[in-house]
2 protein chains.
Amino acid sequence: MRIGEVAAAVGTTPRTIRYYEEIGLMPGTAGREPGAHRTYSEDDVEQLREVLRLKGLLGLGLDELAELVANQEARRTLREEFRSATTSPARRTRILVELDAIVDHQLELVDRRRAQLDQLDAELRERRGRIAARLEELSEGAARA
Amino acid sequence: MRIGEVAAAVGTTPRTIRYYEEIGLMPGTAGREPGAHRTYSEDDVEQLREVLRLKGLLGLGLDELAELVANQEARRTLREEFRSATTSPARRTRILVELDAIVDHQLELVDRRRAQLDQLDAELRERRGRIAARLEELSEGAARA
DNA sequence: CTCCAACCTTACGTGAACGTAAGATAGAGA
DNA sequence: TCTCTATCTTACGTTCACGTAAGGTTGGAG
């Protein structure tokens with residue numbers, strides 16, 4: 001796929017994709033003739049989607065996202081090696097353990113944020129509960145009058 | 001309280017507070033002599049805390065935060081009127097209904113974000129589950145060998 | 001009243017994250 | 001092969017959210 005298609009597919013702009021390449025969030029110049037068009041695989045697109053998603057949801061900056069991207073790339077490499085027929089079971093096991101650690105890390109980030117939102121949500125609901133209670137009181141007072 | 005105290009109390013800087021005033025996220029110049037020191041109430045501090053919190057958790061920009069702040073100020077005004085002895089029960093009811101709507105709106109924002117995080121969380125957990133399953137398979141295979 | 005730290009205003013600087021414009025080029029289709 | 005259209009590189013522009021520096025003022029402690 002070319003950059004314009006990818007941009008349209010994930011809902012962003014070519015400029016953003018190039019920028020992400022510039023700061024290391026996208027595949028980069030590996031084996032591309034200077035001036036040649038960029039081409040992307042389906043996996044690249046998927047990775048970009050995840051990056052944009054995490055950026056939006058967690059509000060991460062380039063440095064933090066870079067860490068996650070490194071993990072994403074590690075995931076891809078490991079998955080490929082895992083799928084290879086020549087990989088030994090022992091090696092497969094180590095790959096899986098590593099993949100597990102990566103996912104764990106992402107889950108930790110997500111869960112931390114989720115906990116904070118839960119806290120806020122609970123506080124808002126309590127506030128709403130108090131308002132409802134006062135409304136009850138008021139309507140009872142009106143009924144007695 | 002003065003600006004430095006407030007900044008320290010909520011973990012930010014005087015500059016940020018002045019900036020928030022500039023863009024309408026903080027009380028402003030109402031009745032302050034030009035050049036005089038800014039003073040803040042406990043309520044102001046609390047409002048600032050909420051703004052910073054929502055900014056951090058939801059990643060909102062000035063415009064979206066401004067909406068929430070308008071609501072915060074409405075909340076304060078309404079609460080004060082509610083506490084006044086001269087307010088009629090009918091008026092109190094209307095105030096409560098309005099407050100309820102405000103909190104509802106905030107809850108909506110928070111819940112939407114929470115749902116997205118839940119979705120991501122579920123996906124990550126499923127991914128982890130698949131990895132665990134494959135590890136199972138591998139160890140079983142090793143046991144049979 | 002005096003002093004001085006904390007504050008004031010004004011204004012320019014900064015980093016992140018792109019937008020936009022210009023001129024040259026690549027590469028898929030007729 | 002020729003033709004466009006999407007891409008390319010380069011580079012300056014922009015908005016947001018503050019940081020920082022300069023020179024003057026406020027206002028509470030002593």
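Quick note on labels: first sequence line is chain A, next is B, and so on, each numbered from 1. Note that this is a predicted model, so its numbers are computed, not measured.
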**Message:** Determine whether Gln47(A) and Arg76(A) satisfy the following criterion, side chain to side chain donor-acceptor pair (under 3.5 Å), listing intermediate values before the conclusion.
**Reply:** CA-CA 9 Å; Gln47(A) 176 178 323; Arg76(A) 280 168 52 180; 3.0 Å; yes

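Within a 6.0 Å sphere centred on CZ of Arg134(B), heavy atoms belonging to other residues, nucleotides or ligands number 12 at most.
Candidate nucleotides dA11(C), dA6(D), dC16(D) were compared by shortest atom distance to the side chain of Arg15(B), and dA11(C) ranks first. Nearest nucleotide to the Arg2(A) side chain, out of dT7(D), dC18(D), dC7(C): dT7(D). With dG27(C), dA17(C), dA6(C) as the candidates, the nucleotide lying closest to the side chain of His37(A) is dG27(C).
As a whole-Å value, the separation of Met26(B) CE from dC18(D) P is 13 Å. Distance, Leu52(B) CG to dC18(D) P: 8 Å, rounded to whole Å. Computed from coordinates, the Tyr19(B) OH to dT14(C) P distance equals 18 Å when rounded to whole Å. What separates CE of Met1(A) from C1' of dA6(D) is a distance of 14 Å, to the nearest Å.
When the side-chain nitrogen and oxygen atoms of Thr16(A) are compared with OP1 and OP2 of dA17(C), none of them lie within a distance under 4.0 Å. The phosphate of dC18(D) (OP1 or OP2) has a side-chain N or O of Tyr20(B) nearer than 4.0 angstrom. Residue Arg38(A) has a polar side-chain atom (N or O) positioned under 4.0 Å from OP1 or OP2 of dC8(D). The phosphate of dC18(D) has neither OP1 nor OP2 within less than 4.0 Å of any side-chain N or O from Thr13(B). OP1 and OP2 of dC16(D) both lie 4.0 Å or more from every side-chain N or O belonging to Lys55(B). For dC8(D), the OP1/OP2 oxygens have a side-chain nitrogen or oxygen of Arg18(A) closer than 4.0 Å.
Between Ile23(B) and Gly35(B), it is Ile23(B) whose nearest contact on DNA chain D lies nearer the 5' terminus. For the pair Ala36(A) and Arg32(B), both in contact range of DNA chain C, the more 5′-proximal nearest nucleotide belongs to Arg32(B).
Counting heavy atoms from C-beta on, the side chains of Pro14(B) and Arg18(B) come closer than 4.5 Å. Taking 4.5 Å as the limit, every side-chain heavy atom of Met1(A) sits out of range of all side-chain heavy atoms of Thr39(A).
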